[in-house]
Amino acid sequence: MKIIEKTLILQGEINKFTVPNLLNRWEKYTSQKLEYIDLEKVISIDSAGVAFLDVIQLKNQDSFRKLLNIPINISQTIKTFSSLEITVEAIKRERSGFIENIGNSFFKYKEAIVDISYLTTEVIFWSFVGIFNRKGQRKDSVIQQSILIGMEAIGIIGSLSLIFGLIMALQSAALLRQFGTEVFLADMIAVLMVREMGPILTAILVAGRSGSAIASEIATMKVTEEIDALKIMAIDPIRYVVVPKFNAITLCMPLLVTLSMIIGISGGLLISIFYLDLSIVTFVTRVLEVLTFSNILIALLKGVVFAWAIVIIGTYFGFKVEGGAEGVGKATTASVVASIFAVIVLDAIFSLEYLGG
Amino acid sequence: MKVPIISVKKIVAKYGENTVLKDVTVDIFPNEITVILGGSGCGKTTFIKNILQLYKPFSGSIKIFGEETVGLFPEEFNKILEKIGMLFQNGALLNSVNIFDNVSIPLEQHTVLPAEIIEKIIKVKLNLVNLGHVINLFPSELSGGMKKRAALARAIALDPEILFCDEPSAGLDPITSENLDNLILKLKEQLNMTIIIVTHELASIHRIANRIIFLDEGEVLFQGTLAEAKNCGIQEVEHFFEVGKFGD
C-alpha cells in the first residue's frame, strides 16, 4: 500500500486476513486527502476487502473521485459486496419510557390474571365433563400422568420428608430437653408436619418436578406446532393435554402429602426413641392427641389447591411460549418460579385459618 | 485434471444397527455447484453431516482441501470449518440474539476485523438476501423463508471456500427461490465458492447444478453432469427427472 499524488495504490490480496493490517497501515495516511484508489495490482478481493474500500471512500468522501484500473475479475465482486449504494433502512425498535413500562406491566399482569381465570374455569369444566364423557381424552392418560406425577415422586418426597423430620426433631430436641419437656417433641413435629411442612414441602417438590415438566411439554408442543395440529384435528388441547394432568395431580397430591406427613413424623419418632429415650407408645399417643380431623383435612385440601395452582401456572406459561428453544426454557423457568411463589402465598392464606388458635 | 476439493472414499454411516450410507465414494470439485439428489431418507443429509463431522462416519475416508479429516482432533477440524459455511434446513439461527448478531458470530469469532468493517459486511450480506431491513429483529419475528435467507447470510459471512446448503429452496416461493439461486451462482462466480446443495427442486437444479450426485438407499447411483444424468440409463435417476419435469 502506498500513496502517490492523491492516489492510494493497493496490491496483492485484499481479504479478511489482510484487511486488519491494511487498516493499521492506512492510519498513517489519514491526514492525506485521497482522490483515487488504484486497484491494478490487486489479485483478489472478498467482502471484507470491499468493505475496506468502502470505508476509505467514505472517509475521503469530500475529495474522492473513483476507483481506478479495476481488474475485470474483481469488478463484479466489488459491485456485489459494496455497501455504498445500500439504501434499505433497518426497522427501528421503539423504546418505551419508564411510565410506559409500568403501564405495560400493569396491563400484562391484568391480562395474565384474566387468562389464568379463563384457563382455570376451562380446565375444571372439562375435568368435570370428562367424568361423564371420555371423548377428547387420551385413553389411560390419567393413569400415565399419575405414574409420572405421583409414583415417580414418591422416592424424592419420602426421603426429603424423612430428612426434614429428622432435622426439625434434632434442632428442637436439645432445646426441649433443657426445660424437661421432651414429650412435647411429638406434638411439635406432628403439628409442623401436618399443618405446614408436609403440604408445602410436597408442593415445592411437585412444582419443581412436575410443574416444570408440564410447562416445558406444552411449550415444546406449541413451538413444534403440535398444539396447532391438535386444533386442526378438532381436538381441544386443554381437554386432551391438560385435563389428564389436572386429574392426575388432583388424585396424587393428597396421597403424596399424606406420605410426606407420615414419613416426616416418623423422622421425629426416630429422634424421640434414640435421642430422647421416649417410648413409641408415648410418642404416638401424643401425636394422636394433638392432631385433629380438621388439621388433616386442611392439609389435604392445601395439597389439592397447591396442585391446581401448579398445573394451571405450568399450563399458562406453556401456552404463552414465544420463539423457539429459548422460549421453552424461559417458560419453564417462569412457571417454576411462579408456581413456588403461588404455593407460598396460598399457604400464607391458609395459615389465617389457624389465627384463632 | 481437476483436483477434488472434497474427496469421500468408501464411507459407511450407521444409526445404531441401521446402515444409512454404504461405501459412498464421491469427488466434489472446486468452483462447481454439486447437487445431491435422492428420495427422502436416502442419506443425503447424513452424507453432508458426515463430511462436516456432525455425525462421525463408521468407516471410510473424507479429505477436505486434501487433508484427511476422519480422526482429526476437533481443534484441527475447526480450522477447516473456518473455510466452510453451512445453511441448515431450518436455518438454525440462534433465537436469543437478533439477526445482526447472528450474522456477526462467525466474523467476530474467526477474524480480527474491526467493528466498522464487520458492520459493513453484515449489512451487505443481509442486503444480498434482501433482508437489510430486519437487521434489528429477532429470528422469532421472521417468517420461515426469511429465517432461511438470514441463515444464508450467516453462512456466507466469512466468504467460505465451500458452502453447504441443506434444502435451501424448501418452503420458499418461486421468485424468492430463483433469487436465491441467482445469489448462489453469484457467490460461485465472484468468490470462486464450491457449493454443495441438497435439494429436490428441479427448477433450481436446472438453474444452478454443474454436477449431480444421486443417492439411493445409501448408495451412489450416479454422479456426473445434469445432461448426463437425464440420459444415464439408470431407471431411478431418469424417473426422478421424468416425474418432476412438470416443475421445470
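Residue numbers begin at 1 in each chain, while the letters A, B, ... track the order of the sequences.
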Point to revise | Polar side-chain atom of B/D159 near backbone of A/S47 as donor-acceptor pair, under 3.5 Å | key: yes

Review point. Among B/I117, B/I135, B/T111, which residue forms the greatest number of heavy-atom pairs with chain A at distances under 4.5 Å?
Key: B/I117

**Study point:** Portion of A/Q76 that has a non-hydrogen atom of chain B nearer than 4.5 angstrom
**Key:** both

Check your understanding: Would you say B/K2 has more than 12 foreign heavy atoms packed within less than 6.0 Å of its NZ?
Key -> yes

Exercise for review: Would you mind telling me which of B/L183, B/L94, B/L128, B/N130 has the largest number of heavy-atom pairs within less than 4.5 Å of chain A?
Suggested key: B/L128

Check your understanding: Roughly how far apart are A/I91 CD1 and B/N136 CG, rounded to 0.5 Å?
Key -> 8.5 Å

**Study point:** Minimum-distance pair of heavy atoms, taken over all atoms of B/L113 and A/A48
**Key:** CD1-CB, 3.9 Å

Check your understanding: What part of B/L142 lies closer than 4.5 angstrom to a heavy atom of chain A: side chain, backbone, both or neither?
Key -> neither

**Study point:** Any B/V124 side-chain heavy atom under 4.5 Å of A/S82 side chain
**Key:** no

Review point. Checking A/L58 against chain B: side chain, backbone, both or neither under 4.5 Å from a heavy atom?
Key: side chain

Revision key, fill the gap. Interatomic distance, CD@A/E85 vs CG@B/N127, rounded to 0.5 Å, equals 11.0 Å

Review point. Side chain, backbone, both or neither: which part of A/L23 has an atom under 4.5 Å from a heavy atom of chain B?
Key: side chain

Check your understanding: Under a 4.5 Å heavy-atom cut-off, does chain B meet the side chain of A/S44, its backbone, both or neither?
Key -> neither

Exercise for review: Drop me the distance from B/F138's CZ to A/E322's CD, to the nearest 0.5 angstrom.
Suggested key: 12.5 Å

Check your understanding: Do you know which of A/D54, A/I74, A/T80 has the most heavy-atom pairs under 4.5 Å to chain B?
Key -> A/T80

Check your understanding: Above 12 or not: heavy atoms from other molecules or residues under 6.0 Å from NZ of A/K222?
Key -> yes

Check your understanding: Does NZ belonging to B/K188 count more than 12 external heavy atoms closer than 6.0 Å?
Key -> yes

Review point. What distance separates B/L158 CG from A/K16 NZ, expressed to the nearest 0.5 Å?
Key: 5.5 Å

Exercise for review: Counting only heavy atoms closer than 4.5 Å, note whether B/E189 contacts chain A via side chain, backbone, both or neither.
Suggested key: neither

Review point. Within 45 degrees of the axis of the six-membered ring of A/F81 and under 6.0 Å from its centre: does B/K125 put its NZ or CZ there?
Key: yes

Check your understanding: Counting heavy atoms not belonging to B/Y15, are there more than 12 under 6.0 Å from its OH?
Key -> yes

Review point. When you check the gap from the basic side-chain N to the acidic O, do A/K59 and B/E116 get nearer than 4.0 Å?
Key: yes

Check your understanding: Roughly how far apart are B/M193 CE and A/D46 CG, rounded to 0.5 Å?
Key -> 9.5 Å

Exercise for review: Report the C-alpha separation of A/L84 and B/K120 in whole Å, then their side-chain angles, then the decisive distance to 0.1 Å, and conclude whether the side chain to side chain contact (heavy atoms under 4.5 Å, CB included) test is met.
Suggested key: CA-CA 9 Å; A/L84 296 177; B/K120 288 210 178 302; 6.0 Å; no

